[in-house]
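Have a look at the structure below before the remarks.
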Amino acid sequence: MPELPEVETVVRGLVDDLVGTTAVEASISWHKVLGGMSLSEFNETIRGRKITAMFRRGKYICIECSGVYLVIHLRMTGRLYLSDAAEGEDKWVRFTLALDNGKNLAFSDARKFGRVLLTRSLDFLEEKLGPEPLTLKPADFIQILKGSSRAVKVFLLDQKKIAGVGNIYADESLHKAGIKPGRPTNKLRVAEREKLGACIQESLQAAIDHEGASISWYRKPDGGRGESQEHFLVYGRGGEPCYTCGTPITKIVLGQRGTHYCHKCQT
DNA sequence: CGTGGGACCTGAACGC
DNA sequence: TGCGTTCAGGTCCCAC
């Protein structure tokens with residue numbers, strides 16, 4: 001699923017129910033989900049720890065458990081939700097963490113790309129992630145977006161530069177900013193960089209307000225669908241008319257990712 | 001430093 | 001109905 005708005009929605013939907021509970025026992029149905037740690041080591045580390053906080057960093061979900069961190073990445077098809085111990089209809093559940101209130105934190109992931117890591121430090125995240133886009137100021141975007149010859153669309157997907165923007169919201173933001181995705185980042189004028197920053201924030205915030213995009217796999221923790229997909233301007237609209245000028249939306253491949261834009265509105 | 005390709009995985013959609 | 005192909009919100013790794 002998951003870009004920043006979807007991950008943020010998952011965190012908001014679970015934080016109140018999770019914080020204050022205590023981890024009892026984890027179980028897995030696919031060993032690689034723990035990223036190399038054995039289930040026994042995982043359980044020895046987390047058993048009996050109270051969940052003290054839950055937050056998002058980039059596209060990662062961080063659950064602090066009294067000094068250690070459960071770090072979850074949903075990748076393409078991950079879902080995170082609370083279930084009653086009796087339930088078992090989801091055939092893609094790869095990990096569950098039993099809690100002391102009788103609920104289970106379930107991680108479901110059809111494609112097995114996602115991971116549930118247990119770590120004593122979040123330093124590794126800070127090493128691979130750039131700043132959070134929602135708290136950046138115009139001057140920060142102007143600075144960050146300069147000095148790269150890469151196509152701006154590809155640049156936006158680099159988590160080391162800005163954390164949390166993915167394929168959907170990169171396309172949406174560039175459309176709102178009126179910038180063609182293939183433009184070299186270092187050819188953008190200052191005003192365009194500032195505009196792009198503002199459009200990134202606008203796109204992400206609107207998507208959070210719409211509780212994420214349920215195109216295929218993504219669901220909120222309560223099982224409901226987000227509505228962000230109802231508001232896409234270009235993503236997934238190849239061949240359909242631009243809402244602004246009627247020109248058919250162009251779809252190309254950039255950085256090996258499907259890329260959508262309006263040839264007329266974006267320059 | 002940047003790019004392109006492939007790997008990791010499975011399911012849904014589509015063409016025949 | 002069934003089979004083959006293509007594509008998918010992400011990230012990592014390697015060759016050039």
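Keep in mind that this is a model prediction, so the values were computed, not measured. First the proteins, then the strands, lettered A, B, ... as listed; each starts at 1.
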How long is the line joining NZ of Lys161(A) and C1' of dG2(B), in whole Å? 11 Å
Quick one: does Thr22(A)'s side chain get under 4.5 Å of Ile51(A)'s, heavy atoms only? no
Electrostatic pair Asp171(A)-Lys153(A), nearest N-O below 4.0 angstrom: yes
Tyr261(A) ring center within less than 6.0 Å of His175(A) ring center: no
Pairwise P distance, dG5(B) and dA8(C) [rounded to whole Å]: 15 Å
Side chains of Ser38(A) and Ser40(A) only: does a donor on one sit below 3.5 Å from an acceptor on the other? yes
Should Thr77(A) and Tyr218(A) be marked as a side-chain hydrogen bond (donor to acceptor under 3.5 Å, both in side chains) after you check the CA-CA gap, both sets of side-chain angles, and the distance that decides it? CA-CA 7 Å; Thr77(A) 55; Tyr218(A) 164 72; over 6 Å; no
How far does NZ of Lys112(A) sit from OG of Ser29(A), to the nearest 0.5 angstrom? 8.0 Å
Determine: side-chain N/O of Ser149(A) to OP1/OP2 of dC1(B), distance under 4.0 Å, yes or no. no
CD/Glu8(A) to CZ/Arg56(A) distance, rounded to the nearest 0.5 angstrom? 4.5 Å
Length of the line joining Lys153(A):NZ and dG2(B):C1', which is rounded to integer Å: 17 Å
Lys160(A) near the nucleic acid: base, sugar-phosphate alone, or nothing, with a heavy-atom cut-off under 4.0 Å? nothing
With the sugar-phosphate defined as primed atoms, P, OP1 and OP2, and the base as all remaining atoms, what B/S/- string results for nucleotides 5-11 of chain B, 5' to 3', for protein heavy atoms under 4.0 Å? B--BBBS
So CG of Leu196(A) and CZ of Arg183(A): to nearest 0.5 Å the spacing works out to 10.5 Å
With a cut-off of less than 4.0 Å, is there a side-chain N or O of His73(A) near OP1 or OP2 of dT11(C)? yes
Distance check needed: dT3(B) P versus Leu157(A) CG, whole Å only. 12 Å
Close residues, residues 117-128 of chain A, relative to DNA chain B [heavy-atom separation under 4.0 Å]: none
Euclidean distance, atom CE of residue Met76(A) to atom P of dA12(B) [Å, nearest integer]: 15 Å
Hunt down the Watson-Crick or G-U wobble partner of dC16(C), both distances under 3.5 Å, from any strand shown, or write none. dG2(B)
Could you tell me the separation between the CG atom of Leu156(A) and the P atom of dG2(B), rounded to a whole number of Å? 14 Å
Could you state the atom-to-atom distance from CG of Leu74(A) to P of dT11(C) in whole Å? 10 Å
Roughly how far, to the nearest 0.5 Å, is the OG atom of Ser228(A) from the OH atom of Tyr235(A)? 11.5 Å
Check the distance between dC12(C)'s P and Arg257(A)'s CZ and give it to me in whole angstrom. 13 Å
For Tyr235(A), report the nucleic acid contact type (base, sugar-phosphate, nothing); a contact means any heavy atom under 4.0 Å. sugar-phosphate
What distance do Asn104(A) atom CG and Tyr81(A) atom OH have between them, rounded to the nearest 0.5 Å? 9.5 Å
Measure the distance from CZ on Phe155(A) to P on dC1(B) and round it to the nearest whole Å. 13 Å
Between dC7(C) and dG6(B), how far apart are the two P atoms, rounded to whole Å? 13 Å
